[in-house]
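Data first, discussion second: the structure below is written as structure tokens.
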Amino acid sequence: MAVHNQILTAGQMRDAERKLIAAGISETELMDRAGRGVAEWIWRMAAGRSVTVLCGPGNNGGDGYVIAATLHTRGLPVKVIAPFAPATPPAKAARDTYRGPLAEKFEPASGATFVDCLFGSGLSRPIDNVLADAAAQLRAVHDIGVAVDLPSGIAADMGELLNDVAPYDATFALGAWKPAHWTGPGQDRMGKLRLIDIGIEPADSGTELVGTPIIEPPATGAHKYSRGLVAVVAGAMPGAALLSAQGAMGAGAGYVKLLAEHSHPAAPADLVLDEQSLEEALSDERIGAVLIGPGLGRDRKARARLADALDSRHRLVIDADALHLLGPETLATIDPACILLTPHDGELAALAKAFGAKGDTRLERARALSQQTGAAVLAKGCGTVLCADGRTGLFPPGSSWLSVAGSGDVLAGICAARMAGGASAYRAASKAVYLHHEAAELAGPSFSSSRLAAHVRRAMKQFL
Ligand SMILES: NC(=O)C1=CN([C@@H]2O[C@H](COP(=O)(O)OP(=O)(O)OC[C@H]3O[C@@H](n4cnc5c(N)ncnc54)[C@H](OP(=O)(O)O)[C@@H]3O)[C@@H](O)[C@H]2O)[C@@H](O)CC1
Ligand SMILES: [K+]
């Protein structure tokens, strides 16, 4: 059976399930595959100690009965707490297979492992407080907490926390990843993530967990321009642009120029400084990508520099301050396919407001912004979201030590280097996120952004 990187919403998951049912696999068989798959893991985690399974009314609860029945048959001490009667035919059938102890009301239970099968992808509203508190109480008195498909209280499609959800040690995604597993505020409640294969066929859902990239070394006969000339536009605070330039140099650009009015004492010797007027400097047709925003400022001068960058018609990475200067009128005459926007959440909120891109979560806003502008959007943070051309990419999490000033400047520089080499904005940003994460691993645990930038070069090795 296939295990794959596609990410499905709850609706797409139901469609995929219908296809399997049409192909002759019953709902009960799918639930069996899911429940038995999770039970295998819990069997190992519980190591002979007791398991409490909390079952809800839907098919997530149905999975719980399969898990409980499988573990009970193997001789593990199991208890089911089922405050709802099963409401779907496969859940009813699954409950009939379970022969162990079952409580129809919440009652005190303690044990080694708690298995949350209250709600999965069918959660449609916040759980009422009494029920949510009782579930949290159960979670608290068990050593290990396991969530089946999703921790109850987290919405599958956007990852919102509909309730205050306690952290779990592991979450077993059933059939395919859901967006909530990789982005959104609920992501940090999941613990270790595992995907249980139930036979869902790979199909293009438009959203993927971006896989480890391969970075091609320069072609034989490559020269500095074919590898990519990155022009980093400096502004009021040149230190930030320097960090970006160092990120770009480490990420394989053939040539990196800092377009600044003055030299900077910290500039490395191999970084070329171009002190011509910005318009002139940007008229170089050999430029592969321009990066503007880090340390740019937001005053009139900054606006003028941004206008020059936009007028240059080069491929553009727009970050930091420059994102606050954008609006529909500034992009009106630009081919959006040339643009990668790299906002953090604050910048994303400002852009969403400026462009009328609606959404409550990073995922919704990034998608809406990409649709609205036609540009690629890399909405960075814990649970980074990449949107371009109607596609969405999510990523395995990077080091939490990346939450340091200047980290985004380095990422923007890496993006520019990968774009200057000719990759699409989506591919360039995908590789950049991985390089950024790997550089953090090599530089860490704790690091300054200049140390992070210095490790991008070594991070490349991982992907060659
Ligand atoms: N698709 C697949 O391929 C497979 C899916 N599988 C499993 O099925 C799960 C999805 O199942 P599901 O659709 O039955 O949804 P589920 O999460 O059990 O809950 C729905 C029930 O809860 C109710 N309800 C909702 N919110 C509520 C609230 N706040 N408070 C109270 N009630 C609330 C809702 O009722 P209603 O909204 O109509 O009132 C309905 O009764 C999925 O996560 C996976 O575990 C596997 O078996 C293998 C194959
Ligand atoms: K659950």
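This is a predicted model, so every value here is computed, not measured. For the single chain, residues carry numbers from 1 onward in sequence order. Order of listing sets the numbers, starting from 1, for every ligand and every atom in it.
- In terms of protein heavy-atom proximity, atom 18 (O) of ligand 1 is closest to N60 N, 2.9 Å.
- With contacts defined as side-chain heavy-atom distances shorter than 4.5 Å, the pair I154/E160 does not qualify.
- Residue contacts with ligand 1 include M13, since one or more of its heavy atoms lies under 4.0 Å from the ligand.
- Salt bridge status for E29 with R33: present, with a side-chain N to carboxylate O gap under 4.0 Å.
- When only interatomic distances are considered, the shortest N/O to N/O separation between T88 and ligand 1 does not fall below 3.5 Å.
- Residues L331 and L326 form a side-chain contact, since some pair of their non-hydrogen atoms from C-beta on lies under 4.5 Å apart.
- Geometric assessment of R139 against the ring of Y168 yields a positive cation-pi assignment under the 6.0 Å and 45° thresholds.
- Shown in contact with D149 at under 4.0 Å from a heavy atom are these atoms of ligand 1, numbered in order with element: 42 (C), 43 (O), 44 (C), 45 (O).
- Of all protein heavy atoms, the one lying nearest to atom 45 (O) of ligand 1 is D63 OD2, 2.5 Å.
- With hydrogens left out, the protein atom closest to atom 10 (C) of ligand 1 is S121 OG, 3.4 Å, a heavy atom.
- Side-chain contact annotation: S110 with H142, donor-acceptor N/O pair under 3.5 Å absent.
- Atom 22 (O) of ligand 1 is approached by the protein to below 4.0 angstrom, counting heavy atoms only.
- Put simply, atom 35 (O) of ligand 1 has no protein non-hydrogen atoms near it, under 4.0 Å away.
- Side chains of T113 and R49: a donor-acceptor N/O pair is absent below 3.5 angstrom, by distance only.
- Side chains of N59 and T88: a donor on one and an acceptor on the other come within 3.5 Å.
- Distance screen at 4.0 Å: atom 7 (C) of ligand 1 has a protein heavy-atom neighbour inside the cut-off.
- Given atom 30 (N) of ligand 1, the protein heavy atom at minimum distance is F119 CZ, 3.6 Å.
- Defined by atom type and a distance below 3.5 Å, a donor-acceptor pair is present between the side-chain atoms of T342 and D319.
- With contacts defined as side-chain heavy-atom distances shorter than 4.5 Å, the pair P396/L209 qualifies.
- When the heavy atoms of G56, P57, A10 are ranked by distance to atom 40 (C) of ligand 1, first place goes to P57.
- Using a cut-off of 4.0 Å between Lys/Arg side-chain N and Asp/Glu carboxylate O, R391 and D204 are scored as salt-bridged.
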R418/S424 under side chain to side chain donor-acceptor pair (under 3.5 Å): CA gap, chis, key distance, verdict: CA-CA 9 Å; R418 301 316 308 172; S424 70; over 6 Å; no
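- Annotation for ligand 1: atoms under 4.0 Å from non-hydrogen atoms of M31 are 47 (O).
- With salt bridges taken as basic N to acidic carboxylate O contacts below 4.0 Å, one links R95 and E104.
- Closest protein heavy atom to atom 4 (C) of ligand 1: E17 OE2, 3.6 Å.
- Ranking protein heavy atoms by distance to atom 49 (C) of ligand 1, first place goes to I198 CD1, 3.6 Å.
- Proximity of N59 to ligand 1, defined as any heavy-atom pair under 4.0 Å, is shared by backbone and side chain alike.
- Contacts of L131 with ligand 1, taken as heavy-atom pairs under 4.0 Å, are absent altogether.
- Each of the atoms 29 (N) of ligand 1 lies under 4.0 Å from some heavy atom of I127.
- Comparing heavy-atom distances from atom 15 (O) of ligand 1 across G122, P83, G35, S152 singles out G122 as nearest.
- Checked against a 3.5 angstrom limit, the closest N/O atoms of I200 and ligand 1 fall outside it.
- Of all atoms in ligand 1, numbered sequentially from 1 with element shown, those under 4.0 Å from a heavy atom of S124 are 25 (C), 26 (N), 37 (O).
- For D197 (side chain) and G199 (main-chain N/O), a donor-acceptor pair under 3.5 Å exists by modelled atom type.
- Taking a cut-off of under 4.0 Å to the non-hydrogen atoms of P126, the atoms of ligand 1 that pass are 29 (N).
- Environment of CZ in R427: sparse, with no more than 12 heavy atoms of neighbouring residues, nucleotides or ligands closer than 6.0 Å.
- Looking from atom 29 (N) of ligand 1 to the surrounding protein, the closest heavy atom is R125 O, 2.8 Å.
- Ligand-side atoms of ligand 1 in range of G120: 16 (P), 17 (O), 43 (O), range being under 4.0 angstrom from any heavy atom.
- Atoms of ligand 1 lying under 4.0 Å from at least one heavy atom of L174, given by number and element, are 44 (C), 45 (O).
- In summary, the side chains of S450 and S448 do present a donor paired with an acceptor at a separation below 3.5 Å, with no hydrogens or angles considered.
- At a 4.0 Å heavy-atom cut-off, ligand 1 touches L123 through backbone and side chain alike.
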